[in-house]
Number of protein chains: 2
Amino acid sequence: MEDITKERILSAAEELFAEKGYDAVTIREITSKARCNLSLVYYYFGSKKKLYLEVFKEKWASRARELHEAFFDAIEETKPTTLDEVIRILTATYLERKMNAQNLQFHLQLIARELQKPTEALDFVFHEIIKPFFARLEDLIHPFLNPSARKDNIVLSLFSVFAQIVHIINSRHVLPKLLERPFDAKTKELLIQHITTFSMYGMNGLIMQNSRDSFITEGLK
Amino acid sequence: MEDITKERILSAAEELFAEKGYDAVTIREITSKARCNLSLVYYYFGSKKKLYLEVFKEKWASRARELHEAFFDAIEETKPTTLDEVIRILTATYLERKMNAQNLQFHLQLIARELQKPTEALDFVFHEIIKPFFARLEDLIHPFLNPSARKDNIVLSLFSVFAQIVHIINSRHVLPKLLERPFDAKTKELLIQHITTFSMYGMNGLIMQNSRDSFITEGLK
DNA sequence: GTCTATAGCAGGATAGAC
DNA sequence: GTCTATCCTGCTATAGAC
């Protein structure tokens, strides 16, 4: 073995940190899952904290870039003409899986935990990934909006979309009980459909409201 | 001291578990914050796990009932005639503070963590509190809706509202950076206003839509 | 009910052989 | 690069005095 081991440690760590959180995971657990010796974490990364950070720099960041690529590619390809389509593509990027479904889940779980109780990792991720992505998203969306839309409206609407996406992942154990149906593919399809429709109307309504003479009437009426 | 100590332990535990999660908190930390001896946790609760459970049974459940009371009282008082008003009251119950703002924050943080990685506590909380509350909410909302609204639409719309509420609390450290303004009272007002408006249009649109084409999977055009 | 003292052990980290 | 062996801190938990 050489550097494959390092990769195996990172993958095991990502999964365990995502599922249980930093403190609930032991290095013994990680190396056992990665089928290697405990001390290799220290050889490759120096400490548990540094391994955790590296999960974000190596795994999380690159997955995020993949997702953003996929999103902007889909935009390029479909050349949406209404806000509705943009929101649909955004939601689908995060909930339909071109990417492996489980990896996408870990990805969202990890960031959810960082938001809840930020560490150095969030600092890195926010400046390197999230902030630039939001800037691009704002630029993308702006032309679709009536000029009266304020930056606040855009950012908060995006916030609402991501809130729903993250909450689906976070509450995936309870959701089936609330909906009284299993969390299968069909249910997931329903959830995607719901977020898209709900957010589209929400965003359109919001922006129409703070402008009387809207020309974005496509979504409603 | 007598039973006041027990209460102090519960309060300290609630705050720390909410902020850091079960594994990151030590009993030493809890008892130090509660200004009492470490062994009293074992005297009163038996173990760390049992203390955690008791936080939900004693603190979380009663706070939830308070909130639900406050919500249904406000409904009684204002006698809303449109869906918009109901949603506004729901959002305001969870984000404006009649209740101490910090306690409300702990309340939401605690349940967010339980959703993420459920324990025995969620089982209790779901059956005793959440499920009955959702049932009452559905009954309340149903008359305001167009008869074509399905149970799924209602549950998912409520889900979207709570998603946004919880996400505001969870990402409160990052939100100011995204909005480029401090997380002060004025910003909080803006957030409440946003969730209310966004959700109101989202929910109305959603229900109008499926009254139009009678099944949701058909999508939009 | 509250305290002291301590058992018992898990988990992060390091030294050093191969 | 990978492994064994071990250190040591800090944790949950208990026994027992007051």
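Per chain, numbering begins at 1; letters A, B, ... match sequence-line order.
- Here D:dG1 presents its P atom at 10 Å from NZ of A:K6, a figure rounded to the nearest Å.
- The side chain of A:N37 sits closest to D:dC3 out of C:dT2, D:dT2, D:dC3.
- Partners of A:D23 under the salt bridge (Lys or Arg N to Asp or Glu O under 4.0 Å) rule, at least two apart in sequence or in another chain, do not exist in this structure.
- With sequence neighbours left out, the side chain to side chain contact (heavy atoms under 4.5 Å, CB included) criterion links A:K79 to A:E76.
- Put simply, OH on A:Y44 is 13 Å from C1' on D:dC3, counting in whole angstrom units.
- Look at CG on B:L40: it is 15 Å from P on D:dA13, rounded to the nearest Å.
- The stretch residues 162-189 of chain B participates, sequence neighbours left out, in these ring-ring contact (aromatic ring centres under 6.0 Å, His included) pairs: A:F159-B:H167, B:Y94-B:F162, B:F134-B:F162.
- A:H68 meets the ring pair (Phe, Tyr, Trp, His ring centres under 6.0 Å) test with A:F133; sequence neighbours excluded.
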Using a cut-off of 4.0 Å between protein heavy atoms and nucleotide atoms, how would you tag nucleotides 11-18 of chain C 5' to 3' with B, S and -?
BBBB----
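- Remark: the backbone N or O of A:T196 is not paired with any side-chain donor or acceptor of A:R88 at under 3.5 angstrom.
- Atom CZ in B:R35 sits about 15 Å away from atom C1' in C:dT2, given to the nearest Å.
- Contact annotation: B:T5 side-chain N/O to C:dT2 OP1/OP2 distance is under 4.0 Å.
- With sequence neighbours excluded, the residues satisfying side chain to side chain contact (heavy atoms under 4.5 Å, CB included) with B:E7 are B:L10, B:S11, B:K59.
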